[in-house]
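Worksheet: the structure to be examined is printed underneath.
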Amino acid sequence: MSAVAGMTFADLKSGMSARVVAVDENCLDSRRLQEMGFTVGTQFSVVKVAPMGDPIEILVRGYRICLRKNECHCIQIESVG
Amino acid sequence: MASHLVIVAGNPNAGKTTLFNSLTGSTQKVANYPGVTVESVEGQYSFDGETIRCVDVPGLYSLKAASEDERVATDVILGRQEGKPELVVYVLDATNLERNLFLFTQIAESQVPMVIALTMPDRLQAKGKRIDVERLRSELGVPVVSVIAHQDRKLDALKRAINDALRDRPIPSIDFGLPVGMQSTIRELSERLARIGVDASQAEIRRNLYEPPELFQLFLEDFPEIAEPFTEARNRLEAEDLLRPSVDVTSRYEWSAKIQSLVLRDAEKPAKTVSITDRLDKVLTHRFWGLTIFVLVMYGVFQSIYTVAAPMMAGIEDVFGRLQDAIRPMVSQNEILESFIIDGLIAGVGGMLVFLPQILILFFFIAVLEGSGYLARAAFLMDRLLGWCGLNGRAFIPFLSSYACAIPGIMAARVMPDSKSRLATILVAPLMSCSARLPVYVLLIGTFIEPQYGAFWAGFSLFAMHLLGLVVAIPVVYVLNRKMLKARRLPFVLELPPYQWPKWRDIWLTLVNRGKVFVKTAGTIIVFMSILIWAAASFPRFSPADAVAEAAKVGVPEERAEQWVQEKQLENSVLGRFGKAIEPVFIPAGFDWRITTAILSAFPARETIVPSLGIIFSLGGEVDESSGDLQSAMKRATWPDGRPLFTVWTAIGLMVFFALCAQCMATLATVKRETNSWKWAVFMFCYMTALAYVGAVAVNYLGKLFGA
Ligand SMILES: Nc1nc2c(ncn2[C@@H]2O[C@H](COP(=O)(O)OP(=O)(O)OP(=O)(O)O)[C@@H](O)[C@H]2O)c(=O)[nH]1
Ligand SMILES: [Mg+2]
């Protein structure tokens, strides 16, 4: 684990790469996010942050997806690279 | 011979409908964003002696449906509607194997025969990769056929594979390595169920075991006889920490990633260094340029609708003018027949068809936006705004669809992740300015704004009218969502498709489909309403014999007698009396009884106002052969005291009324169907009509304030 464990999507900036460390399964939205590919260990990168700071565009498992930062708190991440 | 039921299923935007259209010769909508198809559609084809009933379903990410469109798809795939499909043609997007294979593992479990159609090999090629089809086939255990369905309309290889599969029934054999404890628990449960005579597949058992607690409880209540074994199995999984969805999802994804690494190869030709999507996205979703370009694009669309269509319109008007001239001698023996054909039918339907070019230009632009992949980016850009009123960016797609027509827009609300935000989206979608309002705007702008203020302001007004619905929709959604429905915030998950050149085939399809709808409406509702309006305005007859004498009596000069007669006729007709009776309602908005009756006639379908005005003004003697058309008639029309009937403000007020009012029966019927109750259709009708009335009155008062 890297030094900045406990990060969430809210800490992401354009151009960063990150990895999923843990998923809180009690949270209702976690299932769909995992089904979209955000399983533990998955690496992804932030392509872009929308003009008003949210949502963000992410490249994961070879495709692009758009998510709201504060809606992904059930996923814990760490930055890589 | 009996036909076979074959289902085309797969992830959203994987190319299912493109394939379905080519297989069956259908003309379903294809566009480059996820969630285009929201209901299941059936088509048919025959190949080599077999008749295939083919069903195209909405795309989905998981059999655990998260929205209404996914529910529709799961019901069909799992055979909850029409019985189990004989074969699933699984559409696998070659550029997106990992996620596409995830869903594959879920469908594979239901032990249905499958054939894989591998789409987008051309896009993969552009990325410098290719897929080892032979290897994929052996890994999955089912036939794989690579297709580019928009180029190859025959698809013989796929059709042959389908026929073979209907005979051989190839069932996927994959092992995605679920933990041993989970497999044994499920196997034991299935055996236990079999002993008490319940026949359930392992996939079905797993799906139910993995329901969230509330749904699992419901399931137990529905099937009390199997509650005990299920509860026991669930407890055991729980104890072994295997009940978490992540166990299931992760093992599937691990398998998908492994398969992808086995079959994905480098192509002979290397990729271009930076993909076109990256380059375009740098600008199109840029902090500043993104929104600027968005507004400029929209503005450009409306400006060009205005300027490009004008010459084409003139052409069509000319054709109808000649038609009138050609027919007039044939019917002139009979005054009523002449009036019916010339003033009723040709003025009505012809007046409508004049707007076909605008409609087609609008749809051309919509099709380009949808086909390029820009639409999903617009949703990305607009999310923040919609988030404020409790919706998410996904709602932007139904909203933009409503700019074409509210009906597909309302249907598209099925992509919303919960029923309350879906309802809120449905209720405001018709505020977006649909193409049926276009003729109204163009007529009024062309008559009262362009001649006075020039083409720039004309284009601007058209743009503003289209913005108005969206601007009004935002507070309405805010109130609906936050105050009335209290919708839960659901995560915004939107896949952004790669950009591409819009395909001519898809654009053409849109133009033909929408053109047909427009002409069909003109040929049915509009003809019907035109006849109705003409009849109401023509009877009872005001006998011309004593009319001339009458005219002389009230001191009307002889050269104006004929027009005076016509005016009198209109005033004394059923329509005239009715209009006068209700005129006071719309006086605050500055509309006289002629405009009012035209508005009322437009409640079944809003574009009817154009032929209605045409008929009313031409019967009223305002439109005659020498001095032109509806436009000049409207300019010449006056109040009884001689003030002009229309000012710029009246025109704007009328446009605002049309922008906000719920004048479309088909929309109301669709709302009823999608919400399963008339309640919401009635609610929508009432709030929109009230908004429209208030809007028109407000404009009238503004007009008085600032004068014009
Ligand atoms: N380059 C390329 N584009 C394709 C191919 N097949 C489909 N497309 C394009 O991919 C986009 C999506 O196609 P659709 O057929 O609408 O996809 P769908 O799976 O029906 O999508 P939903 O109904 O939203 O689930 C469209 O822009 C198509 O033109 C292909 O083989 N190659
Ligand atoms: Mg489709």
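Chain identifiers are assigned alphabetically (A, B, ...) following the order of the sequence lines, protein sequences preceding nucleic acid strands; residue numbering begins at 1 within each chain.
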> Quick one: what part of A:I56 sits under 4.5 Å from any heavy atom of chain B, side chain, backbone, both or neither?
Replying inline: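 Backbone of A:I56 only, per the 4.5 Å heavy-atom cut-off to chain B.
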Separation of [Y] [atom2] from [X] [atom1] (nearest 0.5 Å):
X	Y	atom1	atom2	result
A:R31	B:R244	CZ	CZ	12.5 Å
A:I65	B:L496	CD1	CG	8.0 Å
A:R64	B:N96	CZ	CG	11.5 Å

>> Can you confirm whether more than 12 heavy atoms, excluding those of B:E238, are under 6.0 Å from its CD atom?
In response: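 Open: at most 12 neighbouring heavy atoms sit under 6.0 Å from CD of B:E238.
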> With chain A, which of B:A379, B:S246, B:P498, B:A66 has the greatest number of heavy-atom pairs at distances under 4.5 Å?
Replying inline: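 The answer is B:S246.
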>> I'd like to verify something: which residue of B:E254, B:R99, B:E495 has the highest number of heavy-atom pairs under 4.5 Å with chain A?
In response: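 Greatest number of close heavy-atom pairs with chain A: B:R99.
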> Are the side chain of B:R252 and the backbone N or O of A:E35 linked by a donor-acceptor pair below 3.5 Å?
Replying inline: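 Side chain of B:R252 to backbone of A:E35, a donor-acceptor pair under 3.5 Å: no, none is there.
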With a 4.5 angstrom heavy-atom cut-off, is it the side chain or the backbone of [X] that approaches chain A, or both, or neither?
X	result
B:R377	side chain
B:F102	side chain
B:D248	side chain
B:S256	neither

>> Apply side chain to side chain contact (heavy atoms under 4.5 Å, CB included) to residues B:V493 and A:L67 and explain how you reach the verdict.
In response: CA-CA 5 Å; B:V493 177; A:L67 297 166; 3.9 Å; yes
> What pairs with A:T39 under side chain to side chain contact (heavy atoms under 4.5 Å, CB included), at least two apart in sequence or on another chain?
Replying inline: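 Expected list: A:Q34, A:T42, A:R61, B:V249, B:T250, B:Y253.
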>> I'd like to know which of A:C72, A:G37, A:P55 tops the heavy-atom pair count under 4.5 Å against chain B.
In response: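 Most pairs with chain B among the choices: A:P55.
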>> Enumerate the side chain to side chain donor-acceptor pair (under 3.5 Å) contacts for residues 12-21 of chain A, please, sequence neighbours excluded, ordered by first and then second residue.
In response: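 Qualifying pairs, neighbours excluded: A:R19-A:E78.
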>> Does A:Y63 form a side chain to side chain contact (heavy atoms under 4.5 Å, CB included) with B:E98? I'd like the steps, not just the answer.
In response: CA-CA 9 Å; A:Y63 77 98; B:E98 266 183 84; over 6 Å; no
